[in-house]
Student: 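The structure's right below; bear with me while I get my questions together.
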Amino acid sequence: MIKNFKWLLLVSLTFVACTNDDAVVDPNSTDGTPLTAGTADFTKYVALGNSLCAGYSDGALFMAGQANSYPNMLAQQFALVGGGAFNIPYMNDNVGGLLLGGTQIQGSRLYFNGAGPVAVTGTTTTEITNVLTGPFNNMGVPGAKSFHLLAPGYGNVAGVLSGQANPYFVRFASSPSTTVIADAVAQNPTFFSLWIGNNDVLAYATSGGTGANQAGNLNPATYGPNDITDPNVFASVYSSLLDQLTANGAKGVVANIPYVSTVPFFTTVPTNPIPGLSPSQAGQLNQLFGAINQITTALGQPNRFQMLVTDDGNPATVENNPLLIVDETQADLSLYITSALTPVLGAPTATAVGNLYGRARHASNAAASKDYILLTARTIIGTNQTGAPAPFNVIGVSYPMQDNTTLTASEAAEIKTATDLFNTSISTLANAKGLAFFDANATLTKLNTGGLVSNGYTLTSTYVTGNSFSLDGVHPSPKGYAMIANKFLEAINAKYGSNFKGVNLGNYQILYPSSM
């Protein structure tokens, strides 16, 4: 019944190398101009952030991804003008995943098997209780929100299972009671990068809006893992981070937060992937949905359902029907539906139908009210819901897709409002501190609305084939991280008068293979 999502992929294996002379000329330079650091000092570079900073890719953190993180690419460029060593808290393998006392608590990475993403085979060997000896220059912590960088005990293994600590930071924290920012400033960096805040909205988005919008709540200790951070909390935290990082005169570069609507996790699965139905299926559902529309009309509310199209028998015709979803922001019509259908279906069936469709509607693709179907939902569309009776059991067709599979238009609007406020704080504070600024939001928007061309490669946000994103649909591919590194370098050049030429995207893979 449902379209299969299939993609083709070519994977190339390459290696990047650098050269160094007394008068250093970047190997990617076409004009032979010696490199200069400008007014910045890259002797001690420290990178702070979340999974994007760490090099997370394909749903996991692993050694090759860490080596291809944008901070490591930046450090390789900085080394050409006197930058020092860049230490990374490497995982133990290229499988990915984490162990806690021998029990796996984080899954392995994905690879593309020709039909879709699947988990690699192999054994996870990274045990988080085996604490590494630092300090480390790459302090990207997957899963970290802005306020987590200031939280004491975020690296205490005792708090991992309760969600009070982060297993990745446990591995390289200088002590169980320290903070991420304390370990960063203790290294007295001369230059830093900071890209944080994505998870302050992203966790809400990837959960399908199952968290809460904490606008107005100034106590992040009371937040759930999938909540949206209060904008005032974010501004205060971000200001504190920059104050501490620049206290000894360090210069740096910061990046803002992309809209979630620009990444494949939210844009790959369409809102209308249902092909034409059989006449009997369409007839039954249209009769039911038409009756509910009559109820909403009588109540002075907009119709919630479209009439479904039947299969005309022509394979060249695509009869796309919209997905059926739950929208918890709508008024609950359960009692009205039950009352209207009881004379026809009887009380027990009418009650069940009323409860099923009380907050259901068809997904919208209209620009002003667009819903987003999560990438993780693609495998359940068109399957049968366990325990639901036919014909009310086909997920996305007659059984509404639940809240954790869909980001509704109203939830997306909440995220955009918060993102805009966060980004205003980032740009304002960066300007006040005289820091370089990378507009990551503009870059990812361009990837999603036409693409970018670099080193002869066209990069878009198209899942798998767009060069930019990994198989988890959120984090960049190796080539995508290279593009991001170059955007950071452009911002650094513009602010500090350096003349880094950037990395060559041709030296980085499209996606990682099954084994490395």
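The chain is numbered in sequence order, starting from 1.
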Student: Is there side-chain contact between L98 and Y168, with at least one heavy-atom pair below 4.5 Å?
Tutor: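 A side-chain contact exists here, since the closest heavy-atom pair is under 4.5 Å.
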Student: If we ignore angles and hydrogens, is there a donor and acceptor under 3.5 Å between the side chains of Y154 and H148?
Tutor: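 Yes - a donor-acceptor pair under 3.5 Å links their side chains.
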Student: Please check if any side-chain donor atom of D439 sits under 3.5 Å from a side-chain acceptor atom of N256, or the reverse.
Tutor: yes
Student: Taking all non-hydrogen atoms of both residues, which atom of V46 and which atom of A184 are closest, and how far apart?
Tutor: CG1-CB, 4.0 Å
Student: Please give me the minimum heavy-atom distance between S477 and N467, naming the atom from each residue.
Tutor: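 Result for this residue pair: OG-O, 2.6 Å.
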Student: Which residue, F192, Y496, F500, forms the ring-ring contact (aromatic ring centres under 6.0 Å, His included) with F78?
Tutor: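 That would be F500; it is the only one of F192, Y496, F500 passing the ring-ring contact (aromatic ring centres under 6.0 Å, His included) with F78.
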Student: Kindly give the heavy-atom pair with the smallest separation between R109 and S514, and that separation in Å.
Tutor: NH2-O, 3.1 Å
Student: Do N137 and K44 have side chains that get closer than 4.5 Å, going by heavy atoms?
Tutor: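 Yes; the side chains approach each other to less than 4.5 Å.
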Student: Taking D183 for its side chain and P135 for its backbone only, find out whether a donor-acceptor pair lies under 3.5 Å.
Tutor: no
Student: If you take all heavy atoms of L150 and Q244, which pair is closest and at what distance?
Tutor: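 Smallest interatomic distance, heavy atoms only, reads CD2-NE2, 3.7 Å.
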Student: Just by distance, with hydrogens left out, do S162 and Q164 show a side-chain donor and acceptor under 3.5 Å apart?
Tutor: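 No.
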Student: Can a side-chain donor-acceptor contact be found between S454 and N486 if the only test is distance below 3.5 angstrom?
Tutor: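 Distance-only check fails for N486 and S454.
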Student: Ignoring hydrogens and geometry, is there a side-chain-to-backbone donor-acceptor pair from N94 to S515 under 3.5 Å?
Tutor: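 Between the backbone of S515 and the side chain of N94 there is no qualifying donor-acceptor contact (under 3.5 Å).
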Student: Indicate whether any N or O donor in one side chain lies under 3.5 Å from an N or O acceptor in the other, for S410 and E414.
Tutor: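 No, because no side-chain N or O of S410 sits under 3.5 Å from a partner of the opposite role on E414.
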